[in-house]
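Accompanying notes for the structure given below.
In what follows, chains are A, B, ... by sequence order, proteins preceding strands, each numbered from 1. Scope of the values below: all heavy atoms of this structure, side chains included, with no hydrogens, waters or symmetry mates.
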Number of protein chains: 2
Amino acid sequence: MATHRERPPHALQRAGLSRERVLGAAVALADEGGVEELSMRKLAKKLGVEAMSLYNHIASKDRLLDGMVDVVFSEIEPPSPGADWKQEMRKRAISTRSALNRHRWAVGLMEARPDPGEANLRLHEAVLACLRAAGLSYEAAIHAYSVQDAYIYGFALQERALALETSEEWVEAAERTLRDQQAALDAYPHIADIQHHLAAHGFSHEEEFLFGLDLILDALEERLADGRRGR
Amino acid sequence: MATHRERPPHALQRAGLSRERVLGAAVALADEGGVEELSMRKLAKKLGVEAMSLYNHIASKDRLLDGMVDVVFSEIEPPSPGADWKQEMRKRAISTRSALNRHRWAVGLMEARPDPGEANLRLHEAVLACLRAAGLSYEAAIHAYSVQDAYIYGFALQERALALETSEEWVEAAERTLRDQQAALDAYPHIADIQHHLAAHGFSHEEEFLFGLDLILDALEERLADGRRGR
DNA sequence: ACCTGAACACCGTTCAAGT
DNA sequence: ACCTGAACACCGTTCAAGT
C-alpha cells in the first residue's frame, strides 16, 4: 500500500468515479426528473464526464436500474423478529411507503427486477424472520407477506398517479373537475357524487393508506390463529 | 353518402388505417414483445406503412398508450349494481387480474395515466354504483375501492415480476435456486426455508390471489356494517 | 385527407485509441 | 485502470412535399 505510486496529474485521468457515486447521482437525477429523464448521457454530464466512462463502473443501464432499486430497498427499515409482529409489519409498511414516495420513479421497478440486490434480500429475510418468529407456518407467512406487499406496492402505484399531496389540493382539484367537466360528469353520476364529497371533505393519502393497512393486518391476525396451529 | 366520390386508386393512398386499427396492432405488438418493444417505427412496419402515417390517427406515442390502456379497461367486466356487492366485487377483481395477465405491459400504466379514457370511466362508475347501491357511505365506498384496487394492481405487479406460470415451474425454480445459490442462501436462512417449502409444495398465483382478495372482502364486510349506519 | 422522405435531436452501447 | 471520440443502430417527432 505504501509503495502505491502517486497518480500522475494527467488531465483526462481524475474523474474519481465509483459505482457508489454513479448510483447516487442516478438516484438524484431520477428523483428530480423521473426515470424517463435518466439517460446515460445526462447522468454522465451531471458527473462531469462522458457517457462512455460510466461503463467502467456499471455494466449497462439495466444494471444501473438494479443498483438504484437496491438503494431504495436499503432505505426501508427492516422489522425486528422479537417484538409484536403486527406492530413491526405496520412500521415496515409505513417505511416502505415513504421510501417509495421519496423515489417515485422506483414504484414500478421494485418488484420487476429479477435477481434481487443485497438490501432487498436482507429486508426479505427480516420480514420472513419476523413472521416465523411470531409462530406463523410457512404457508401462513407466504400468505401474509403476499397480501401486505401487494397492498403496499399497489397503493404506492395509485398514489404516484394521483399526484396531489395535501387535502386542500384535493378540494381544489375536485372543484375544478366539477366546474370544467360538468357535461362529461352527467354521464357518470356516482363519480360526480364522489367529486362533490371530495370537494367538501378533502382526502388524505396517509389516512387512506392506514385504513387499508390496518384492515389487512387485523384480518391476518384473526386468520393466523388457525395458521399457527398448523392448519 | 351516395354522392361520396370514389377514391382514385393512387398507390400511396390506400393504407386504410384508423385509430382502432392502430390501437389494435399496438396492443398486439406489446402483448408479444412487451412495451419496450413498441416503437412507432415497428408499429408502422407491422401495419405496412411508414412511421409518420401513424400521426394522422393518434397525436403522439403518449396518447397511443392512453388508448391502449383504455382497450385493456374495456376488457374488464363491470359489476352490476343490484346483486350481492361482495360477489360482484370478487368477479370484477378476477376479471381485472385476468385482463392484466393477458396484457402484462399494462400493469404499471393503468393507474399512471392522467385523464382517464371512456372504458375506464364506465368501469369506475359501475364500481361506485355497486358499492353505493349496497348502502355504503361515500367514505366507506372510497375506502373499499381504494383497498381493493391497491391490492389488485399490486398483486398483478408482483405476478408480472414472478413470471412462473404453473406450480410445477415453481417447484423447478425453487430447486434450481437451492442448488445454484446454496452459498448465498446460507446468509438468509428464512429465505432458504421458504425455497424448500416451495420446492416441496409448489405455488399457485390464483390461490394466492384469492386468499388475499377474500381476506380483504370479508374484512370490508365486517367493517362496513358501521359504514352503513352513517359513521 | 392521408401518406411519405428527409431531417433533427435524441437514445444505449461497442470499439479502438489515448494516458 | 480509467477516460474518450467516432460510430452504429436505434428512438419520437416536425415539416414540406406529394397525391
Does A/Leu54 or B/Glu37 map to a spot on DNA chain D nearer the 5' end, using the closest nucleotide for each?
-> A/Leu54
Write out a two-atom table: protein N or O, nucleotide N or O from nucleotides 12-14 of chain D, distance below 3.5 Å.
unit_1	atom_1	unit_2	atom_2	d
D/dG12	OP1	B/Met40	N	3.2
D/dG12	OP1	B/Lys61	NZ	3.0
D/dG12	OP2	B/Met40	N	2.9
D/dG12	N7	B/Arg41	NH1	2.3
D/dG12	O6	B/Arg41	NH1	3.3
D/dG12	O6	B/Arg41	NH2	3.2
D/dT13	OP2	B/Tyr55	OH	2.7
D/dT13	OP2	B/Lys61	N	2.9
D/dT13	O5'	B/Tyr55	OH	3.4

Between B/His103 and B/Glu75: side-chain donor-acceptor atoms closer than 3.5 Å | yes
Measure the distance from CG on A/Leu64 to C1' on C/dC11 and round it to the nearest whole Å.
-> 15 Å
Can you name the ring-ring contact (aromatic ring centres under 6.0 Å, His included) partners of A/His197, sequence neighbours left out?
-> A/His201, B/Tyr138
Partner residues of B/Asn120 under the side chain to side chain donor-acceptor pair (under 3.5 Å) criterion, sequence neighbours left out = none
Verify the contact: side-chain N or O of A/His57 to OP1 or OP2 of D/dC3, cut-off strictly under 4.0 Å; return yes or no.
-> yes
Residues which pass side chain to side chain contact (heavy atoms under 4.5 Å, CB included) with A/Arg63, listed by chain and number, not counting sequence neighbours = A/Ala59, A/Ser60, A/Asp66
Which residues pass the ring-ring contact (aromatic ring centres under 6.0 Å, His included) test with A/Phe203, sequence neighbours left out?
-> A/Trp170, A/His205
Separation of B/Glu50 atom CD from C/dA7 atom C1', in whole Å?
-> 15 Å
By side chain to side chain contact (heavy atoms under 4.5 Å, CB included) - contacts of A/Asp149 (at least two apart) = A/Arg92, A/Tyr145, A/Ile152, A/Tyr153, B/Gln158
Take the protein atom CG of B/Leu43 and the nucleotide atom C1' of C/dC3, then report the distance between them rounded to whole Å.
-> 15 Å
Counterpart residues, side chain to side chain contact (heavy atoms under 4.5 Å, CB included), relative to A/Ser98 (two or more places apart) | A/Arg102
For B/Ala192, enumerate each residue passing the side chain to side chain contact (heavy atoms under 4.5 Å, CB included) test, keeping only those at least two apart in sequence or located in another chain.
-> B/Leu185
Verify the contact: side-chain N or O of A/Ser53 to OP1 or OP2 of D/dC2, cut-off strictly under 4.0 Å; return yes or no.
-> no
Taking pairs as Watson-Crick (N1-N3 plus N6-O4 or O6-N4) or G-U wobble (N1-O2 and O6-N3), each distance under 3.5 Å, the stems of three or more consecutive pairs with DNA chain C are C:4-8 with D:12-16, C:12-16 with D:4-8
